[in-house]
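I have placed the structure first, in the form of C-alpha coordinates, so that the comments after it can refer back to it.
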Amino acid sequence: MLQQTRLQVALPYWQRWMAALPALEALAAAREHDVLLLWQGLGYYSRARRLQQGARQLQALAEHNEARTADPWPRTLEGWLALPGIGRSTAGSILSSAFDLPFAILDGNVKRVLARLVASPRPPARELKGFWQLSESLLDPRRPREFNQALMDLGATVCTPRNPSCGACPWQRHCAAYAAGDPTAFPVKEAPRELPYQVIGVGVVLNGAGEVLIDQRLNEGLLGGLWEFPGGKQEPGEAIEATIARELREELAIEAGVGEQLIVVDHAYSHKRLRFMVHLCTWLSGEPRPLAAQQVRWVRPEQLGDFPFPAANARIIAALHERLGLEASAADAAAALPHPEESRPAA
DNA sequence: TATCCGTGGGA
DNA sequence: TTCCCAAGGAT
(Lines give C-alpha, C1' and ligand atoms only; values in the text may rest on other atoms or scores of the structure.)
Protein backbone atom coordinates (compact mmCIF):
# COMPACT_ATOMS: atom_id res chain seq x y z
CA MET A 1 0.00 0.00 0.00
CA LEU A 2 2.85 2.34 0.69
CA GLN A 3 4.29 2.09 -2.83
CA GLN A 4 4.00 5.65 -4.20
CA THR A 5 1.44 6.37 -1.49
CA ARG A 6 1.79 8.46 1.65
CA LEU A 7 1.43 6.77 5.01
CA GLN A 8 -1.33 9.18 5.96
CA VAL A 9 -3.36 8.21 2.91
CA ALA A 10 -2.77 4.47 3.16
CA LEU A 11 -3.37 4.17 6.91
CA PRO A 12 -7.19 3.99 6.95
CA TYR A 13 -7.09 1.55 4.03
CA TRP A 14 -4.58 -0.57 5.90
CA GLN A 15 -6.75 -0.65 9.01
CA ARG A 16 -9.81 -1.80 7.06
CA TRP A 17 -7.65 -4.27 5.17
CA MET A 18 -6.17 -5.84 8.29
CA ALA A 19 -9.59 -6.11 9.92
CA ALA A 20 -10.97 -7.97 6.89
CA LEU A 21 -7.85 -9.94 5.95
CA PRO A 22 -5.85 -10.37 9.17
CA ALA A 23 -3.53 -13.14 7.96
CA LEU A 24 -1.92 -14.64 4.88
CA GLU A 25 -4.55 -17.38 4.67
CA ALA A 26 -7.40 -14.86 4.60
CA LEU A 27 -5.86 -12.88 1.75
CA ALA A 28 -5.06 -16.01 -0.22
CA ALA A 29 -8.62 -17.29 0.19
CA ALA A 30 -10.38 -13.98 -0.46
CA ARG A 31 -12.29 -13.17 -3.63
CA GLU A 32 -10.44 -10.80 -5.92
CA HIS A 33 -13.64 -8.77 -6.07
CA ASP A 34 -13.50 -8.16 -2.31
CA VAL A 35 -9.77 -7.42 -2.43
CA LEU A 36 -10.37 -4.72 -5.06
CA LEU A 37 -13.25 -3.35 -3.02
CA LEU A 38 -10.90 -2.89 -0.07
CA TRP A 39 -8.43 -1.14 -2.38
CA GLN A 40 -11.03 1.08 -4.04
CA GLY A 41 -9.78 4.67 -4.12
CA LEU A 42 -6.12 3.90 -3.41
CA GLY A 43 -5.02 3.79 -7.06
CA TYR A 44 -2.48 1.59 -8.83
CA TYR A 45 -4.93 -1.27 -8.63
CA SER A 46 -2.52 -3.89 -9.96
CA ARG A 47 -0.91 -3.67 -6.52
CA ALA A 48 -3.99 -5.22 -4.96
CA ARG A 49 -4.25 -8.09 -7.42
CA ARG A 50 -0.51 -8.79 -7.26
CA LEU A 51 -0.51 -8.70 -3.47
CA GLN A 52 -3.13 -11.40 -3.44
CA GLN A 53 -1.23 -13.40 -6.06
CA GLY A 54 1.83 -13.11 -3.84
CA ALA A 55 -0.09 -14.36 -0.82
CA ARG A 56 -1.21 -17.40 -2.78
CA GLN A 57 2.35 -18.06 -3.92
CA LEU A 58 3.69 -17.90 -0.37
CA GLN A 59 0.93 -20.19 0.86
CA ALA A 60 1.68 -22.71 -1.87
CA LEU A 61 5.37 -22.65 -1.00
CA ALA A 62 4.63 -23.14 2.67
CA GLU A 63 2.43 -26.16 1.92
CA HIS A 64 5.17 -27.75 -0.14
CA ASN A 65 7.61 -27.29 2.69
CA GLU A 66 7.07 -30.62 4.44
CA ALA A 67 9.23 -29.74 7.38
CA ARG A 68 6.85 -26.90 8.32
CA THR A 69 9.55 -25.66 10.63
CA ALA A 70 9.74 -22.13 9.33
CA ASP A 71 7.09 -19.45 8.83
CA PRO A 72 6.18 -18.66 5.22
CA TRP A 73 8.12 -15.38 5.06
CA PRO A 74 11.33 -15.39 2.96
CA ARG A 75 14.60 -14.24 4.51
CA THR A 76 16.29 -13.58 1.18
CA LEU A 77 16.07 -10.88 -1.45
CA GLU A 78 15.41 -13.50 -4.12
CA GLY A 79 12.57 -14.97 -2.10
CA TRP A 80 10.72 -11.67 -2.00
CA LEU A 81 11.59 -10.58 -5.54
CA ALA A 82 9.97 -13.78 -6.80
CA LEU A 83 6.60 -12.39 -5.70
CA PRO A 84 4.60 -10.18 -8.08
CA GLY A 85 4.49 -6.51 -7.13
CA ILE A 86 7.53 -6.81 -4.87
CA GLY A 87 10.58 -4.98 -6.23
CA ARG A 88 13.96 -4.39 -4.76
CA SER A 89 12.97 -1.50 -2.52
CA THR A 90 9.90 -3.19 -1.07
CA ALA A 91 11.92 -6.39 -0.57
CA GLY A 92 14.63 -4.39 1.19
CA SER A 93 12.05 -2.64 3.34
CA ILE A 94 10.49 -5.91 4.44
CA LEU A 95 13.78 -7.66 5.14
CA SER A 96 15.24 -4.77 7.09
CA SER A 97 12.15 -3.67 9.01
CA ALA A 98 10.64 -7.09 9.75
CA PHE A 99 13.81 -9.13 10.28
CA ASP A 100 16.50 -6.49 10.84
CA LEU A 101 18.48 -7.95 7.94
CA PRO A 102 21.06 -5.78 6.11
CA PHE A 103 19.28 -4.84 2.86
CA ALA A 104 19.17 -1.34 1.42
CA ILE A 105 16.09 0.61 0.37
CA LEU A 106 15.54 3.32 -2.24
CA ASP A 107 12.24 5.14 -1.92
CA GLY A 108 11.43 8.72 -2.82
CA ASN A 109 12.72 10.09 0.46
CA VAL A 110 16.04 8.25 0.21
CA LYS A 111 16.51 9.28 -3.41
CA ARG A 112 16.13 12.93 -2.42
CA VAL A 113 18.52 12.65 0.55
CA LEU A 114 21.15 10.87 -1.52
CA ALA A 115 20.76 13.19 -4.50
CA ARG A 116 21.48 16.14 -2.23
CA LEU A 117 24.23 14.40 -0.31
CA VAL A 118 26.32 13.96 -3.47
CA ALA A 119 24.70 16.77 -5.54
CA SER A 120 23.83 14.26 -8.23
CA PRO A 121 23.72 16.08 -11.58
CA ARG A 122 21.10 13.84 -13.21
CA PRO A 123 17.56 12.74 -12.32
CA PRO A 124 17.65 9.71 -9.98
CA ALA A 125 15.76 7.59 -12.51
CA ARG A 126 18.80 7.85 -14.78
CA GLU A 127 21.23 6.91 -12.04
CA LEU A 128 19.42 4.13 -10.24
CA LYS A 129 22.43 1.85 -10.14
CA GLY A 130 24.57 4.50 -8.48
CA PHE A 131 21.82 5.37 -6.01
CA TRP A 132 21.47 1.74 -5.00
CA GLN A 133 25.22 1.46 -4.50
CA LEU A 134 25.17 4.58 -2.37
CA SER A 135 22.26 3.35 -0.26
CA GLU A 136 24.05 0.02 0.26
CA SER A 137 27.37 1.61 1.12
CA LEU A 138 25.81 3.87 3.75
CA LEU A 139 23.69 1.16 5.39
CA ASP A 140 24.79 0.27 8.90
CA PRO A 141 24.92 -3.55 8.78
CA ARG A 142 24.78 -3.74 12.57
CA ARG A 143 21.32 -2.19 12.76
CA PRO A 144 19.75 -2.00 9.31
CA ARG A 145 16.20 -1.63 10.64
CA GLU A 146 16.95 1.57 12.52
CA PHE A 147 19.22 2.91 9.79
CA ASN A 148 16.69 2.55 6.96
CA GLN A 149 13.91 3.99 9.09
CA ALA A 150 16.13 6.91 10.05
CA LEU A 151 17.12 7.54 6.45
CA MET A 152 13.48 7.67 5.35
CA ASP A 153 12.52 9.84 8.29
CA LEU A 154 15.38 12.22 7.53
CA GLY A 155 13.91 12.73 4.07
CA ALA A 156 10.35 12.96 5.33
CA THR A 157 10.94 15.44 8.15
CA VAL A 158 14.26 17.29 7.58
CA CYS A 159 15.45 16.90 4.00
CA THR A 160 12.03 17.79 2.60
CA PRO A 161 11.30 18.66 -1.05
CA ARG A 162 10.69 22.35 -0.22
CA ASN A 163 12.20 24.38 2.62
CA PRO A 164 14.48 21.68 4.03
CA SER A 165 15.64 22.16 7.63
CA CYS A 166 19.33 22.00 6.90
CA GLY A 167 20.14 23.50 10.31
CA ALA A 168 18.71 20.38 11.94
CA CYS A 169 20.36 17.92 9.56
CA PRO A 170 22.99 15.58 11.03
CA TRP A 171 24.56 15.26 7.59
CA GLN A 172 24.87 18.96 6.85
CA ARG A 173 28.68 18.85 7.02
CA HIS A 174 28.74 16.06 4.41
CA CYS A 175 26.07 17.45 2.07
CA ALA A 176 27.34 18.57 -1.33
CA ALA A 177 24.04 20.26 -2.17
CA TYR A 178 24.18 22.31 1.03
CA ALA A 179 27.77 23.28 0.27
CA ALA A 180 26.66 24.33 -3.22
CA GLY A 181 24.17 26.72 -1.61
CA ASP A 182 20.82 25.46 -2.87
CA PRO A 183 19.76 22.01 -1.64
CA THR A 184 16.35 22.29 -3.35
CA ALA A 185 18.12 22.24 -6.73
CA PHE A 186 18.42 18.50 -6.07
CA PRO A 187 17.27 16.00 -7.07
CA VAL A 188 17.42 17.27 -10.63
CA LYS A 189 13.99 16.92 -12.19
CA GLU A 190 12.97 15.46 -15.50
CA ALA A 191 11.50 17.99 -17.91
CA PRO A 192 7.74 17.83 -17.29
CA ARG A 193 5.76 16.53 -20.23
CA GLU A 194 2.43 17.93 -21.29
CA LEU A 195 -0.45 15.71 -20.24
CA PRO A 196 -2.57 14.40 -23.11
CA TYR A 197 -6.18 15.54 -22.90
CA GLN A 198 -9.17 13.50 -24.04
CA VAL A 199 -12.94 13.81 -23.80
CA ILE A 200 -14.71 10.58 -22.86
CA GLY A 201 -18.39 9.96 -23.55
CA VAL A 202 -19.96 7.86 -20.80
CA GLY A 203 -23.37 6.24 -20.79
CA VAL A 204 -25.34 5.49 -17.64
CA VAL A 205 -27.69 3.03 -19.31
CA LEU A 206 -30.95 2.17 -17.56
CA ASN A 207 -33.30 -0.63 -18.57
CA GLY A 208 -37.04 -0.99 -18.01
CA ALA A 209 -36.46 -2.61 -14.62
CA GLY A 210 -34.55 0.42 -13.40
CA GLU A 211 -31.22 -1.41 -13.48
CA VAL A 212 -27.98 0.24 -14.62
CA LEU A 213 -25.35 -1.28 -16.90
CA ILE A 214 -21.73 -1.60 -15.71
CA ASP A 215 -18.70 -3.47 -17.02
CA GLN A 216 -15.48 -4.77 -15.52
CA ARG A 217 -12.35 -3.48 -17.24
CA LEU A 218 -9.64 -5.82 -18.48
CA ASN A 219 -6.86 -6.50 -15.97
CA GLU A 220 -4.26 -4.98 -18.28
CA GLY A 221 -3.85 -1.23 -18.54
CA LEU A 222 -5.47 1.70 -16.80
CA LEU A 223 -7.72 0.89 -13.85
CA GLY A 224 -7.38 -2.81 -14.58
CA GLY A 225 -9.98 -5.06 -12.97
CA LEU A 226 -12.21 -2.22 -11.80
CA TRP A 227 -15.83 -1.65 -12.77
CA GLU A 228 -17.04 1.38 -14.70
CA PHE A 229 -19.86 2.86 -16.67
CA PRO A 230 -19.27 2.08 -20.36
CA GLY A 231 -17.94 4.75 -22.70
CA GLY A 232 -15.00 5.82 -24.78
CA LYS A 233 -13.04 8.56 -26.51
CA GLN A 234 -14.80 11.27 -28.45
CA GLU A 235 -13.54 11.41 -32.04
CA PRO A 236 -12.77 14.71 -33.80
CA GLY A 237 -15.93 16.43 -34.96
CA GLU A 238 -18.17 13.94 -33.22
CA ALA A 239 -21.08 15.02 -31.01
CA ILE A 240 -20.80 13.54 -27.52
CA GLU A 241 -24.19 11.84 -27.88
CA ALA A 242 -22.90 10.12 -31.01
CA THR A 243 -19.75 9.07 -29.16
CA ILE A 244 -21.76 7.41 -26.42
CA ALA A 245 -24.10 5.62 -28.82
CA ARG A 246 -21.15 4.42 -30.88
CA GLU A 247 -19.20 3.14 -27.89
CA LEU A 248 -22.21 1.27 -26.52
CA ARG A 249 -22.64 -0.31 -29.91
CA GLU A 250 -18.96 -1.18 -30.39
CA GLU A 251 -18.13 -2.38 -26.87
CA LEU A 252 -21.43 -3.86 -25.67
CA ALA A 253 -23.33 -4.58 -28.89
CA ILE A 254 -26.41 -2.71 -27.65
CA GLU A 255 -28.53 0.07 -29.02
CA ALA A 256 -29.39 2.84 -26.58
CA GLY A 257 -31.06 6.21 -26.66
CA VAL A 258 -28.75 8.92 -25.34
CA GLY A 259 -30.63 11.29 -23.07
CA GLU A 260 -29.84 14.26 -20.88
CA GLN A 261 -26.49 15.02 -19.31
CA LEU A 262 -26.02 13.66 -15.80
CA ILE A 263 -22.67 15.20 -14.84
CA VAL A 264 -19.31 16.30 -16.20
CA VAL A 265 -16.28 14.98 -14.34
CA ASP A 266 -12.76 16.27 -14.93
CA HIS A 267 -10.10 13.90 -13.71
CA ALA A 268 -6.31 14.06 -13.87
CA TYR A 269 -4.32 10.85 -13.86
CA SER A 270 -0.56 10.86 -13.50
CA HIS A 271 -0.07 10.67 -17.25
CA LYS A 272 -3.27 12.03 -18.85
CA ARG A 273 -6.23 14.32 -18.24
CA LEU A 274 -9.75 13.22 -19.04
CA ARG A 275 -13.15 14.90 -19.15
CA PHE A 276 -16.04 12.49 -18.68
CA MET A 277 -19.26 13.69 -20.32
CA VAL A 278 -21.85 11.49 -18.65
CA HIS A 279 -25.33 11.10 -20.11
CA LEU A 280 -28.33 9.12 -18.93
CA CYS A 281 -29.26 6.55 -21.57
CA THR A 282 -32.20 4.26 -22.24
CA TRP A 283 -31.55 0.68 -23.29
CA LEU A 284 -33.36 -0.12 -26.51
CA SER A 285 -32.18 -3.49 -27.79
CA GLY A 286 -29.43 -6.10 -27.71
CA GLU A 287 -28.19 -8.32 -24.89
CA PRO A 288 -25.04 -6.62 -23.55
CA ARG A 289 -21.87 -8.51 -24.44
CA PRO A 290 -18.39 -7.89 -22.92
CA LEU A 291 -16.62 -7.27 -26.23
CA ALA A 292 -13.95 -5.06 -24.64
CA ALA A 293 -14.36 -6.00 -20.98
CA GLN A 294 -14.14 -8.97 -18.62
CA GLN A 295 -17.85 -9.00 -17.90
CA VAL A 296 -21.00 -6.92 -18.02
CA ARG A 297 -23.83 -6.69 -15.51
CA TRP A 298 -27.18 -5.04 -14.93
CA VAL A 299 -27.35 -3.93 -11.30
CA ARG A 300 -29.76 -1.96 -9.18
CA PRO A 301 -28.43 1.56 -8.54
CA GLU A 302 -28.35 1.00 -4.79
CA GLN A 303 -26.13 -2.05 -5.43
CA LEU A 304 -23.33 -0.07 -7.09
CA GLY A 305 -21.47 0.23 -3.81
CA ASP A 306 -20.81 -3.50 -3.90
CA PHE A 307 -18.48 -3.07 -6.88
CA PRO A 308 -15.00 -1.53 -6.93
CA PHE A 309 -15.05 1.67 -9.01
CA PRO A 310 -12.25 4.15 -9.74
CA ALA A 311 -12.42 7.57 -8.09
CA ALA A 312 -13.84 9.40 -11.11
CA ASN A 313 -16.70 6.91 -11.33
CA ALA A 314 -17.55 7.36 -7.66
CA ARG A 315 -18.61 10.91 -8.52
CA ILE A 316 -20.83 9.58 -11.27
CA ILE A 317 -22.44 7.14 -8.84
CA ALA A 318 -23.06 9.95 -6.38
CA ALA A 319 -24.71 12.03 -9.10
CA LEU A 320 -26.87 9.10 -10.19
CA HIS A 321 -27.97 8.40 -6.62
CA GLU A 322 -28.82 12.04 -6.17
CA ARG A 323 -30.78 12.08 -9.42
CA LEU A 324 -32.69 8.98 -8.41
CA GLY A 325 -33.31 10.30 -4.91
CA LEU A 326 -31.27 7.60 -3.23
CA GLU A 327 -29.63 8.43 0.05
CA ALA A 328 -26.80 5.88 -0.10
CA SER A 329 -23.71 7.51 -1.53
CA ALA A 330 -20.80 5.80 -3.20
CA ALA A 331 -18.57 6.93 -0.37
CA ASP A 332 -20.81 5.26 2.18
CA ALA A 333 -20.78 2.08 0.17
CA ALA A 334 -17.03 2.18 -0.25
CA ALA A 335 -16.57 2.43 3.49
CA ALA A 336 -18.64 -0.68 4.09
CA LEU A 337 -17.14 -4.11 4.43
CA PRO A 338 -16.88 -6.31 1.34
CA HIS A 339 -20.26 -7.60 0.26
CA PRO A 340 -20.52 -11.40 0.39
CA GLU A 341 -22.66 -11.58 -2.70
CA GLU A 342 -21.16 -13.38 -5.66
CA SER A 343 -20.50 -11.34 -8.78
CA ARG A 344 -21.55 -13.19 -11.90
CA PRO A 345 -21.46 -12.29 -15.56
CA ALA A 346 -24.68 -10.93 -16.96
CA ALA A 347 -24.54 -13.06 -20.06
C1' DT B 1 15.72 2.57 -20.55
C1' DA B 2 11.35 5.05 -21.02
C1' DT B 3 6.72 4.72 -20.26
C1' DC B 4 2.69 3.31 -18.06
C1' DC B 5 0.12 2.85 -13.82
C1' DG B 6 -4.09 6.53 -9.48
C1' DT B 7 -5.12 9.38 -6.06
C1' DG B 8 -5.09 13.05 -2.87
C1' DG B 9 -2.65 16.09 0.49
C1' DG B 10 -0.19 20.20 0.76
C1' DA B 11 2.04 24.42 -0.79
C1' DT C 1 -5.99 26.89 -9.25
C1' DT C 2 -2.12 24.57 -10.38
C1' DC C 3 1.67 21.92 -9.48
C1' DC C 4 4.48 18.65 -6.98
C1' DC C 5 5.08 14.19 -5.55
C1' DA C 6 4.53 10.25 -2.41
C1' DA C 7 7.49 3.64 1.97
C1' DG C 8 7.82 1.82 -6.72
C1' DG C 9 6.97 -2.08 -10.06
C1' DA C 10 6.30 -4.08 -14.54
C1' DT C 11 7.18 -4.14 -19.19
Side-chain angles (χ1 to χ4, degrees), chain A residues 1-14 36 39-51 53-54 77 80-98 103-115 122-132 135 144-145 147-157 159-164 184 186-197 217-226 228 265-274 276 308-315 330-331 334:
Chain A
M1 281 186 182
L2 291 171
Q3 289 168 354
Q4 290 288 284
T5 305
R6 289 184 171 84
L7 173 64
Q8 181 182 348
V9 173
L11 193 52
Y13 284 87
W14 180 78
L36 286 172
W39 206 275
Q40 179 181 33
L42 251 190
Y44 290 138
Y45 297 96
S46 68
R47 292 182 298 176
R49 288 183 280 107
R50 288 175 176 139
L51 186 53
Q53 293 167 15
L77 201 58
W80 284 105
L81 290 177
L83 301 176
I86 305 291
R88 186 173 175 185
S89 192
T90 301
S93 292
I94 295 170
L95 287 165
S96 63
S97 68
F103 291 94
I105 59 173
L106 191 58
D107 72 328
N109 287 310
V110 176
K111 284 175 187 168
R112 184 172 55 256
V113 170
L114 299 183
R122 298 172 58 191
R126 302 179 184 274
E127 300 278 5
L128 277 187
K129 192 170 181 179
F131 274 74
W132 272 111
S135 184
R145 173 188 287 149
F147 179 87
N148 282 342
Q149 189 67 55
L151 191 53
M152 284 189 290
D153 286 347
L154 184 66
T157 65
C159 194
T160 52
R162 289 176 291 258
N163 303 317
T184 61
F186 304 92
V188 175
K189 294 172 189 146
E190 303 273 3
R193 291 176 304 166
E194 185 142 351
L195 296 183
Y197 174 73
R217 296 174 61 89
L218 301 177
N219 279 344
E220 299 74 28
L222 186 71
L223 306 168
L226 269 69
E228 65 174 4
V265 177
D266 286 320
H267 195 80
Y269 298 94
S270 49
H271 56 294
K272 66 172 76 172
R273 294 185 303 122
L274 298 182
F276 298 96
F309 282 87
N313 277 258
R315 296 186 56 191

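Numbers restart at 1 for each chain; the letters A, B, ... are given by sequence-line order, proteins then strands.
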How far does the P atom of C:dG9 sit from the matching atom of B:dG9, given to the nearest Å?
24 Å
Sugar-phosphate, base or nothing in reach of A:P84, heavy atoms under 4.0 Å:
sugar-phosphate
Atom-to-atom span, CG of A:L223 to C1' of B:dT7 - whole angstrom:
11 Å
Using chain A heavy atoms and a threshold of under 4.0 Å, write down where along DNA chain C the contacts begin and end, 5' to 3'.
C:dC5 to C:dA10
Remember a base hit wins even if backbone is also touched, and classify A:N109 as base, sugar-phosphate or nothing at under 4.0 Å, heavy atoms.
sugar-phosphate
Euclidean distance, atom CD of residue A:E194 to atom P of B:dT3 [Å, nearest integer]
15 Å
Return the residues of residues 266-274 of chain A meeting this criterion: a heavy atom under 4.0 Å from some atom of DNA chain B. Order them by number, or give none.
A:H267, A:A268, A:Y269, A:S270, A:H271
Spacing between A:M1 atom CE and B:dT7 atom P, to the nearest angstrom:
15 Å
Please check if the side chain of A:R49 supplies one atom and the backbone of A:N219 the other of a donor-acceptor pair under 3.5 Å.
yes
At under 4.0 Å, does any side-chain N or O of A:R6 touch on OP1 or OP2 of B:dG10?
no
What's the gap between C:dA6 and B:dC5 when it is taken at their C1' atoms, as a whole Å value?
14 Å
Side chain of A:R273, backbone of A:D266: donor and acceptor closer than 3.5 Å?
no
Reading DNA chain B from 5' onward, which residue's closest nucleotide shows up sooner: A:E190 or A:Y13?
A:E190
Heavy-atom side-chain proximity of A:L223 to A:Y269 below 4.5 angstrom:
yes
What is the distance, rounded to the nearest whole Å, between atom CD of A:Q40 and atom C1' of B:dG6?
13 Å
At under 4.0 Å, does any side-chain N or O of A:R122 touch on OP1 or OP2 of B:dT1?
no
So, A:R47 side chain and A:Q3 main chain: donor-acceptor pair closer than 3.5 Å or not?
yes
Distance, P atom - from C:dA7 to B:dA2, rounded to whole angstrom
24 Å
With a cut-off of less than 4.0 Å, is there a side-chain N or O of A:Q8 near OP1 or OP2 of B:dG10?
yes
With side chain to side chain contact (heavy atoms under 4.5 Å, CB included) as the test, pick out the partner of A:L226 among A:F309, A:W39, A:Y45.
A:Y45
Would you kindly give the CG-to-P distance between A:L11 and B:dG8, to the nearest whole Å?
16 Å
Closest-nucleotide 5' rank along DNA chain B - winner of A:F309 and A:R162:
A:F309
Taken to the nearest whole Å, OH/A:Y44 to C1'/B:dT7 is 9 Å
Minimum-distance nucleotide (side-chain atoms of A:V9 versus B:dG9, B:dG6, B:dC4):
B:dG9
Donor-acceptor under 3.5 Å (A:S89 side chain, A:L106 main chain):
yes
Base, sugar-phosphate, or nothing for A:S89, non-hydrogen atoms under 4.0 angstrom?
sugar-phosphate
When you measure from the side chain of A:R217 to the backbone of A:E228, do you find a donor-acceptor pair of N or O atoms at a distance under 3.5 Å?
no
Which residue lies toward the 5' end of DNA chain C, A:L2 or A:I86, if each is placed at its nearest nucleotide?
A:L2
Can you tell me if the side-chain N/O atoms of A:Y45 get under 4.0 Å from OP1 or OP2 in B:dT7?
yes
Which atoms form the tightest heavy-atom contact between A:P12 and A:V9, and what is the distance?
CD-O, 3.5 Å
Short question: side chain of A:N109, backbone of A:T157 - any donor-acceptor pair under 3.5 Å?
no
Are A:Q40 and A:N313 side-chain neighbours, meaning at least one heavy-atom pair lies under 4.5 Å?
no
